[in-house]
Amino acid sequence: MRDFPSVVRTGSQAAGAGGKGEICTIYFSFLRTSILENRAAYRLDAYDENWFLDRTECSVLWEADFIFAPLFRRMAELETVKSCYARKITSMDIERIKLIEAIKYHLLTVEFIRSMVPMLLECQGFCQMAKSPQICLLAGEYRDQSEVLYAHPGPAAKQTNGAGA
């Protein structure tokens, strides 16, 4: 996770320059289309209280190819032997299989990131960054469903069920 300090540093610089508020959310986004290019790209974004409406760009790309390597290797092998299947398997089928299987590798990657959270929270840049007391780390697909990896313990971390709960 060499790229985490980079997004933290960029967020700190933007907040220090007044172009961004305190960092409230750091989002690890899976870029699904990168799979078709045999890359496993994740976008790390640091957002202020405006979250997706935050206009100050603060992101870096992280390549998780070391996790997805078996998938890419197997799909390359399948591509080389597809002619043995007498046109019953096409390149389009292999791409579809790759995207379906990528979901499993993404789940593995989320668990890897979750295991790294304690180390990420202790990195020097994160400790020095201007951040909200309710900072949250999330992982998911780009601007889609996400999973909370870390929520600062406190009143904001409590969840409610339904209106008025």
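Atoms considered below: every heavy atom in the structure, side chains included; atoms not considered: hydrogens, waters and symmetry mates.
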Any side-chain heavy atom of [X] within less than 4.5 Å of one from [Y]?
X      : Y      : result
Phe126 : Leu121 : yes
Leu138 : Thr25  : yes
Asn38  : Met75  : no
Arg32  : Ile103 : yes
Ser29  : Asp45  : yes
Ile94  : Ile89  : yes
Phe4   : Ile26  : yes
Trp62  : Ile113 : yes

Please confirm whether Phe30 and Tyr105 have ring centers closer than 6.0 angstrom.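 No.
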Are the ring centres of Phe28 and Tyr42 closer than 6.0 Å?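 Between Phe28 and Tyr42, the centre distance exceeds or equals 6.0 Å.
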Please say yes or no: joined through hydrophobic side-chain contacts below 4.5 Å, possibly via intermediate residues, are [X] and [Y] part of one cluster?
X      : Y      : result
Leu61  : Tyr27  : no
Met116 : Ile23  : yes
Phe66  : Phe68  : yes
Ile100 : Leu36  : no
Val110 : Tyr142 : no

[atom1] of [X] to [atom2] of [Y]: how many Å apart, nearest 0.5 Å?
X      : Y      : atom1 : atom2 : result
Leu31  : Arg43  : CG    : CZ    : 7.5 Å
Phe72  : Arg39  : CZ    : CZ    : 9.0 Å
Glu147 : Glu111 : CD    : CD    : 6.5 Å
Cys84  : Leu78  : SG    : CG    : 10.5 Å
Leu120 : Arg114 : CG    : CZ    : 12.5 Å
Cys123 : Met129 : SG    : CE    : 8.0 Å

Would Lys98 and Glu95 pass as an ion pair if we require N to O under 4.0 Å?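 No.
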With Ser91 via side-chain hydrogen bond (donor to acceptor under 3.5 Å, both in side chains) - residues at least two apart: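 Partners of Ser91 under the side-chain hydrogen bond (donor to acceptor under 3.5 Å, both in side chains) test: Glu79, Lys82.
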How about Gln145: does its CD atom have over 12 heavy atoms from other parts shown lying under 6.0 Å from it?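 Count not over threshold, so no.
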Please find the pair of heavy atoms, one from [X] and one from [Y], that lie closest to each other, and give the distance.
X      : Y      : value
Lys131 : Ile135 : CB-CD1, 3.8 Å
Asp48  : Gly21  : OD2-N, 3.2 Å
Ala64  : Thr109 : CB-CG2, 4.2 Å

Just by distance, do the side chain of Ser34 and the backbone of Ala41 share a donor-acceptor pair under 3.5 Å?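 Indeed, once roles are kept as given, a pair shorter than 3.5 Å links the two residues.
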Given 3.5 Å as the limit, does a donor-acceptor pair link the side chain of Asp65 with the main chain of Ala40, or not?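 At least one qualifying donor-acceptor pair exists.
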Is there a donor in the side chain of Ser59 and an acceptor in the side chain of Glu57, or the other way round, less than 3.5 Å apart?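 Ser59 vs Glu57: donor-acceptor pair found between side chains.
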Tell me, with the steps shown, if Val148 and Cys136 meet side chain to side chain contact (heavy atoms under 4.5 Å, CB included). CA-CA 7 Å; Val148 176; Cys136 187; 4.0 Å; yes
